[in-house]
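Notes follow the structure.
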Protein chains: 2
Amino acid sequence: MSTAGLARTRVRRADIVAAALELFADKGYLATTMDDIGRAVNVRGPSLYKHVTSKQDLLVEIMESSMATVLRDHAVAVGSTDDVADQLRRAVEAHVRFHARHRLEAFVGTRELRHLSDGNRAAMAARRRDYERGFRVLVERGVAEDRFRVGSVRLTTYSLLDMGVGVSVWFREGEEFSVDEVAYRYGDLAMRLVGAA
Amino acid sequence: MSTAGLARTRVRRADIVAAALELFADKGYLATTMDDIGRAVNVRGPSLYKHVTSKQDLLVEIMESSMATVLRDHAVAVGSTDDVADQLRRAVEAHVRFHARHRLEAFVGTRELRHLSDGNRAAMAARRRDYERGFRVLVERGVAEDRFRVGSVRLTTYSLLDMGVGVSVWFREGEEFSVDEVAYRYGDLAMRLVGAA
DNA sequence: CGGGCTGGCTAGTCACTGTTAGCCTCGGAT
DNA sequence: ATCCGAGGCTAACAGTGACTAGCCAGCCCG
């Protein structure tokens, strides 16, 4: 069948990206060599260039697809209801779910931003700011609608976001908490932080 | 005076460490070269070895002194009262104050842990775990004494810590908030998180 | 059956970087 | 005046690592 060749190629490339992700998360982008990545997929370093144009490309691919995922999840969460408190709760749950389920992507996404080439980093940073603005806007609306009571919108928003980001550092699948449990509990914590009525 | 030579040496060394700190924070440990550090103190890279035994040494010095600072501040905060809620509040304030005032050290401390040599990393990680345990113990005691009401001690503790760590990422001296304001407000947020009575 | 693309391999290039070696200067103490 | 050590400099070494060049095997197509 004519799809076999193509199919195999596709799989390989995905394997490479997956291996790169694990290594970037574990050792960091700069400390990871193309040979390391090759070894992880049973190939010599230089062979990778038959599938990928550069090491930087791997990083870009990882960060972009990961960013696309969070943004999509966030939009779904916020769009699923009109109640600000529910929106914030669901947004936080999505945020945490992402940082737990895709902890490596999330981890690499925050840690390796600076090793993106200038153009890529700027684009990425902009999308990240948009994402954060989404949360700030929710908190602001909650306050305006008298549903939340916060000392500072900005600090509260940072707290919400940073709590969730932290999940990607300690979370491990199959330990004490499931993804859903963590998401749910962080949703509660978020409601406390904003003093939800 | 015989101290002049010594004094100058000491100052220089401190300058080197300061420059290294800034560069490590900005570009990352691996991406920073000895020439970079040298340039920052108007000296060629190799000359640094008259003051420092290795690049790794610079990282170790930064991380150790920084860790010593947090641990000391934490001990003072917890020792300054007997009331669990006050203890936790002050511990969080100290935590946040540290991450704001010493944001570069804090930032490097969390980001570059993996580039410490094995022995140093293990020692550092252990002290970090102790520090975290200090918070968990406070939350546990608060719950036991019926002063706090939390869904999960572990998750709540992580949240408290990660919120504070996040401060080192966005905080800038002389902008909207002073160190004290941030510390105070995060203390409030912490009280909300633990559902302090 | 045979040609050629796909994708692997080895060898090599080039740039870089931590660190050492060895030299020279200058300021302070004798 | 002179000595000397602290500390700067350049040159060089050794290792690394991204990426390229060029070769070859095997599989799919005709």
Side-chain angles (χ1 to χ4, degrees), chain A residues 1-24 26-62 108 112 114-118 120, chain B residues 1-21 23-24 26-63 108 112 114-121:
Chain A
M1 37 215 119
S2 70
T3 53
L6 255 164
R8 179 158 47 187
T9 298
R10 259 205 278 266
V11 170
R12 262 240 156 292
R13 188 186 161 91
D15 287 348
I16 292 169
V17 175
L21 170 59
E22 213 141 331
L23 285 162
F24 290 168
D26 186 42
K27 315 164 51 122
Y29 176 71
L30 288 183
T32 300
T33 71
M34 289 304 270
D35 274 355
D36 287 338
I37 301 174
R39 198 170 312 121
V41 294
N42 289 310
V43 140
R44 306 288 157 177
S47 300
L48 296 173
Y49 289 87
K50 288 287 158 73
H51 305 281
V52 157
T53 69
S54 69
K55 183 180 160 186
Q56 172 76 200
D57 243 38
L58 283 169
L59 184 58
V60 171
E61 173 151 346
I62 287 169
V108 170
E112 307 293 354
R114 53 176 149 198
H115 296 123
L116 238 29
S117 63
D118 288 341
N120 288 325
Chain B
M1 41 214 118
S2 70
T3 52
L6 255 164
R8 179 157 50 189
T9 297
R10 261 206 277 267
V11 169
R12 263 240 155 291
R13 190 186 158 91
D15 287 348
I16 292 169
V17 175
L21 170 60
L23 286 162
F24 290 168
D26 186 43
K27 315 164 49 124
Y29 176 71
L30 288 183
T32 300
T33 71
M34 289 304 269
D35 274 356
D36 287 337
I37 301 173
R39 197 170 313 121
V41 295
N42 290 310
V43 140
R44 307 288 155 177
S47 301
L48 296 173
Y49 288 86
K50 289 285 157 73
H51 304 280
V52 156
T53 69
S54 70
K55 184 179 162 187
Q56 172 75 203
D57 243 37
L58 283 168
L59 184 57
V60 171
E61 172 151 346
I62 288 167
M63 310 249 306
V108 170
E112 307 294 355
R114 52 177 148 196
H115 296 124
L116 238 30
S117 63
D118 288 341
N120 288 325
R121 184 174 54 251

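Both backbone and side-chain heavy atoms feed into the values below; hydrogens, waters and symmetry mates do not. Just so we're clear, the structure is a prediction, and the values are computed from it rather than from any experiment. Residue numbers start from 1 in every chain, and the chains themselves are labelled A, B, ... in the order their sequence lines are given, proteins ahead of strands.
Checked against side-chain hydrogen bond (donor to acceptor under 3.5 Å, both in side chains), Ser117(B) has the following partners two or more places apart in sequence or in another chain: Asn120(B). Here Glu61(A) pairs with Arg13(A), Val17(A) under the side-chain contact (heavy atoms from CB on, under 4.5 Å) rule; sequence neighbours left out. Residues forming a side-chain contact (heavy atoms from CB on, under 4.5 Å) with Leu30(B) (at least two apart in sequence, or on another chain): Leu30(A), Ala31(A), His115(B). Qualifying side-chain contact (heavy atoms from CB on, under 4.5 Å) partners for Asp35(B), counting only residues two or more places apart in sequence or in other chains: Thr33(B), Arg39(B), Pro46(B). Residues forming a side-chain contact (heavy atoms from CB on, under 4.5 Å) with Ala40(A) (at least two apart in sequence, or on another chain): Ala19(A), Leu23(A). Residues passing the side-chain hydrogen bond (donor to acceptor under 3.5 Å, both in side chains) test with Asn42(B), sequence neighbours excluded: none.
Sequence neighbours left out, not one pair with a member in residues 40-50 of chain B passes salt bridge (charged side-chain N to carboxylate O under 4.0 Å, His left out).
Atom-to-atom, CG of Asp57(B) to C1' of dT19(C) comes out at 13 Å; the value is rounded to the nearest Å. In this structure, the OH atom of Tyr49(B) is 16 Å from the C1' atom of dA11(D), given to the nearest Å. Whole-Å rounding puts the Gln56(A) CD to dG17(D) C1' distance at 16 Å. Going from atom NE2 of His51(B) over to atom C1' of dT19(C) covers 16 Å, rounded to whole Å.
Listed by residue number, the members of residues 32-46 of chain B with any heavy atom below 4.0 angstrom from DNA chain D are Val43(B), Arg44(B), Pro46(B).
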Using atom names, set out every protein N or O paired with an N or O of nucleotides 22-24 of chain D below 3.5 Å, distance rounded to 0.1 Å.
none

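For the helix from dC1(C)-dG30(D) to dT30(C)-dA1(D), the end axes, each set by the C1' atoms of five terminal pairs, are bent relative to each other by 10° (nearest 10°).
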